[in-house]
Amino acid sequence: MADTLSDRIHDVIASIPTGRVATYGQIAAMAGNPRAARAVVWVLRHSERLPWHRVINSRGTISLPPGDGFELQRALLLDEGVSVTPDGRVDLTRFLWNATGGN
DNA sequence: GGCGTGACGTCAG
DNA sequence: ACTGACGCCACGC
């Protein structure tokens, strides 16, 4: 039962479609707490089977520091068709996951 | 029940 | 647009 925030957050992240990205705040909001972005981080840090590379911050940039997953995340997104600049910036207007838009 | 950890978010300068 | 400072929440010990 997903009666804890972590479980719901986990489920939300697992629902992110390929070729799309979601922000921490968005995930937290969908899980029930718009301000629980930090909780999303905790889940990602403690989960191994999640599309963590599809999770980025509200600026639309990769949060991971270079050398610690940055390149991997960028490569995975590029492989899914998401345009990522060398700086790690993603165009949210084009790739942000629109879960309610039916898209 | 308090403290530290964690890939954040928002505002002000 | 970028950086720094403060606030936010959940989990393990």
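To find a chain, count down the sequence lines: A is the first, B the second, and so on, and within it residues start at 1. Bear in mind that the values here come from a model prediction, so they are computed numbers and not experimental data.
- Between the CG atom of A/Asp7 and the C1' atom of C/dC9 there is a distance of 16 Å, rounded to whole Å.
- Residue A/Arg38 places a side-chain atom within donor-acceptor reach of the base of B/dG6, judged by atom type and a 3.5 Å distance cut-off alone.
- Rounded to whole Å, atom P of B/dA7 lies 15 Å from atom CG of A/Leu50.
- Following rounding to the nearest Å, A/Arg8 (CZ) and C/dC9 (C1') show an atom-to-atom distance of 13 Å.
- Between the CZ atom of A/Arg45 and the C1' atom of C/dG12 there is a distance of 15 Å, given to the nearest Å.
- Atoms CG (A/Leu44) and P (B/dA7) sit 10 Å apart, rounded to a whole Å.
- The side-chain heavy atoms of A/Trp52 and A/Leu64, taken from C-beta on, include a pair separated by under 4.5 Å.
- No side-chain heavy atom of A/Asp11 sits under 4.5 Å from any side-chain heavy atom of A/Asp7.
- Contacts of A/Val40 with the nucleic acid, taken as non-hydrogen atoms under 4.0 Å apart, are absent.
- A donor-acceptor contact shorter than 3.5 Å links the side chain of A/Gln26 to the backbone of A/Trp97.
- Listed here is the closest heavy atom pair of A/Gly25 and A/Ala37: N-CB, 4.4 Å.
- Within 4.0 Å (heavy atoms only), A/Ala39 reaches at least one base atom of the nucleic acid.
- Following rounding to the nearest Å, A/Ile27 (CD1) and C/dC9 (P) show an atom-to-atom distance of 18 Å.
- Between the CG atom of A/Leu76 and the P atom of B/dA7 there is a distance of 18 Å, given to the nearest Å.
- A sub-4.0 Å separation between OP1 or OP2 of C/dA10 and a side-chain N or O of A/Asn33 is present.
- In this structure, A/Ser6 does not reach the C/dA10 phosphate: none of its side-chain N or O atoms is under 4.0 Å from OP1 or OP2.
- Between A/Ala37 and A/His46, the residue anchored closer to the 5' end of DNA chain C is A/Ala37, taking for each the nucleotide with the nearest heavy atom.
- Distances shorter than 4.0 Å separate none of the side-chain N or O atoms of A/Ser58 from OP1 or OP2 on B/dC8.
- As the counterpart of C/dA5, B/dT10 is assigned, both hydrogen-bonding distances of the Watson-Crick or G-U wobble pattern falling under 3.5 Å.
- Using modelled atom types, one side-chain atom of A/Asp91 and one backbone atom of A/Thr93 make a donor-acceptor pair closer than 3.5 Å.
- Of the candidates C/dC9, C/dC11, B/dA7, the closest approach to any side-chain atom of A/Tyr24 belongs to B/dA7.
- The same atom, P, is picked in B/dA12 and in C/dC8; the two are 15 Å apart, to the nearest Å.
- Atoms CG (A/Leu92) and P (B/dG9) sit 10 Å apart, rounded to a whole Å.
- Put simply, the side chain of A/Ile13 reaches to within 4.5 Å of the side chain of A/Val40, judged on heavy atoms.
- Rounded to a whole angstrom, the distance from the P atom of C/dC9 to that of B/dC11 is 16 Å.
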Please tabulate, one pair per line, each protein N/O and nucleotide N/O from nucleotides 11-13 of chain B that are separated by under 3.5 Å, including the distance.
none

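- Without hydrogens or angle criteria, A/Gln73 side chain to A/Val55 main chain gives a donor-acceptor distance under 3.5 Å.
- When the side-chain nitrogen and oxygen atoms of A/Thr4 are compared with OP1 and OP2 of C/dA10, none of them lie within a distance under 4.0 Å.
- The backbone N or O of A/Thr85 sits less than 3.5 Å from a side-chain atom of A/Arg74, completing a donor-acceptor pair.
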